[in-house]
Amino acid sequence: MSEGDQLPEARAATVSPPPAAPPHARHFQIIMGVLIALAIAAVTGAIAVATSGGGASSAETGSWAAFRPSSDGIETGAKEIAAYVGPQYRLPTGQQIVNVEGGPLQIQGLPMRIAVRHSPADGGKIDLLDGKGVLYSLCGLGPKCSINIGKPSQSRLRLLEREALELALYSFHDLKDVDNVVVFMPPAPKGSNPPVALHFGRGDVAGQLARPLRATLPVPVPTPDTVDRSPDTPFVKALTVGNLFQFSFSQSNQASSVFLVLEPVATTS
């Protein structure tokens with residue numbers, strides 16, 4: 001085979017190698033290689049931060065959330081979760097919307113057992129739910145815990161539903177052996193509507209517990225003015241619309257406990 005018929009790789013092999021670079025040139029090439037590697041690492045890190053949700057702190061890297069209560073017990077842990085989540089939800093003016101209290105599922109020191117009364121269309125059955133529960137109460141500091149600042153709206157209600165979901169996610173993830181989370185919602189101002197609550201079972205949010213919190217509820221937390229444009233709002237609605245209940249209390253035959261009676265609310269909001 002003539003030289004003209006040789007493949008490029010073969011012809012390249014017959015060419016004499018260039019003379020070795022002087023020592024100072026090799027030293028310069030090593031330094032440039034290190035600098036280029038560091039630059040690539042910095043760009044990669046910046047891209048990772050930009051695509052991770054836009055608000056996760058360095059403490060959140062590799063963990064479910066940046067915050068974690070110091071105790072996994074319901075008594076202390078739920079209080080810490082309430083104290084952390086509550087101030088995140090504010091009006092456009094900067095005022096916190098509701099005060100949040102958290103603790104065991106009990107009232108006046110008596111444990112509550114959840115009784116779900118289904119509608120006749122769903123069979124009319126009463127289901128008693130077993131397992132440990134956490135209770136949160138959202139109080140707007142107005143009459144009967146209604147919200148006495150800002151303007152009532154469906155957007156504000158959607159934001160409170162998001163807050164209830166966040167309380168539930170923290171509780172299932174960080175508190176020990178929690179099976180149920182109930183969130184008492186603030187009543188409508190000057191309204192005669194029965195009180196409502198959101199109830200979540202662990203199975204309702206199993207998928208969200210398997211991925212970082214901010215993948216479900218990104219930051220910054222919206223306000224009533226921006227919640228309808230928040231990308232997570234349709235998802236929050238899908239998780240909460242079927243978990244809204246009217247609630248009442250019934251004394252158990254056993255004087256040492258109370259039934260929390262939940263009746264599904266038909267809603268199109």
Drop me the distance from His118's NE2 to Leu262's CG, to the nearest 0.5 angstrom.
-> 10.0 Å

Does the side chain of Glu163 come within less than 4.5 Å of Val100's, by heavy atoms?
-> yes

Rounded distance [0.5 Å steps], CD1 in Ile126 versus CD in Glu263 | 9.0 Å

Contact check, side chains of Ile114 and Leu128, non-hydrogen atoms, under 4.5 Å | no

Might you point out which heavy atoms bring Asp228 and Ser155 nearest each other, and give the distance in Å?
-> OD2-OG, 2.7 Å

Answer yes or no: is there a donor N or O on one side and an acceptor on the other, between the side chain of Trp64 and the main chain of Arg211, under 3.5 Å?
-> yes

For the residue pair Ala82 and Glu101, what are the closest heavy atoms and their distance?
-> CB-C, 4.1 Å

Using residues 135-146 as the side-chain source, report each donor-acceptor pair under 3.5 Å to any protein atom, sequence neighbours left out, with the distance given to one decimal.
from   : atom 1 : to     : atom 2 : distance (Å)
Tyr136 : OH     : Ser171 : OG     : 2.6
Ser146 : OG     : Pro143 : O      : 2.9

What heavy-atom pair brings Leu198 and Thr240 nearest, and what distance separates the two atoms?
-> CD2-O, 3.6 Å

Compare all side-chain heavy atoms of Leu175 with those of Ile81 and state whether any distance is below 4.5 angstrom.
-> yes

Give the minimum heavy-atom separation between Phe247 and Val196, together with the two atoms involved.
-> CE2-O, 3.4 Å

Heavy-atom check, side chain of Leu160 versus side chain of Arg158, under 4.5 Å | no

Arg117 atom CZ, neighbour heavy-atom count above 12 within 6.0 Å = no

Going from CD on Gln88 to CZ on Arg162, what distance comes out if it is rounded to the nearest 0.5 angstrom?
-> 10.0 Å

Please step through side-chain contact (heavy atoms from CB on, under 4.5 Å) for the pair Leu157 and Met185, ending with a clear verdict.
-> CA-CA 9 Å; Leu157 175 60; Met185 304 293 283; 4.3 Å; yes

Looking at side-chain heavy atoms only, is the closest gap between Leu217 and Val236 below 4.5 Å?
-> yes

What is the ring orientation for Phe67 with Tyr84, classed by angle as parallel under 30°, tilted 30 to 60°, or perpendicular over 60°?
-> parallel

Where do Thr216 and Pro218 come nearest, in terms of heavy atoms and distance?
-> O-CD, 3.4 Å

Would you give the length of the straight line joining atom CD of Gln106 to atom CD1 of Ile74, rounded to the nearest 0.5 angstrom?
-> 9.5 Å

To the nearest 0.5 Å, atom CG of Leu91 lies from atom CD1 of Ile97 at 5.0 Å

Does the side chain of Ser71 come under 3.5 Å of the side chain of Glu80 through a donor N or O and an acceptor N or O?
-> no

Is the closest basic N to carboxylate O distance between Arg68 and Asp174 below 4.0 Å?
-> yes

Minimum side-chain heavy-atom gap Pro195-Gln246 below 4.5 Å = no

Donor-acceptor pair, Thr226 side chain versus Thr223 backbone, under 3.5 Å?
-> yes

Heavy-atom closest contact (Val98 atom, Pro186 atom, distance) = CG1-CG, 4.2 Å

Is there a side-chain contact between Asn243 and Leu165, using heavy atoms and a 4.5 Å cut-off?
-> no

Distance, nearest 0.5 Å, that separates NZ of Lys151 from CZ of Arg156 = 10.5 Å

Under-4.0 Å salt bridge between Glu166 and Arg214 | yes

The side chain to side chain contact (heavy atoms under 4.5 Å, CB included) partner of Arg113 among Leu260, Asp130, Val261 is Asp130

Within the side chain of Gln251, is there an N or O that forms a donor-acceptor pair under 3.5 Å with the backbone of Ser257?
-> yes

So if you build clusters from Ile, Leu, Val, Met, Phe, Trp, Tyr with side-chain heavy-atom gaps below 4.5 Å, do Phe259 and Phe249 land together?
-> no

Taking distance alone, no hydrogens or angles, what donor-acceptor pairs closer than 3.5 Å link side-chain atoms of residues 199-210 to residues at least two apart or in another chain?
from   : atom 1 : to     : atom 2 : distance (Å)
His199 : NE2    : Asn180 : OD1    : 2.9
Arg202 : NE     : Val178 : O      : 3.1
Arg202 : NH1    : Phe172 : O      : 3.3
Arg202 : NH2    : Phe172 : O      : 3.1
Arg202 : NH2    : Val178 : O      : 2.9
Asp204 : OD2    : Gly201 : N      : 2.8

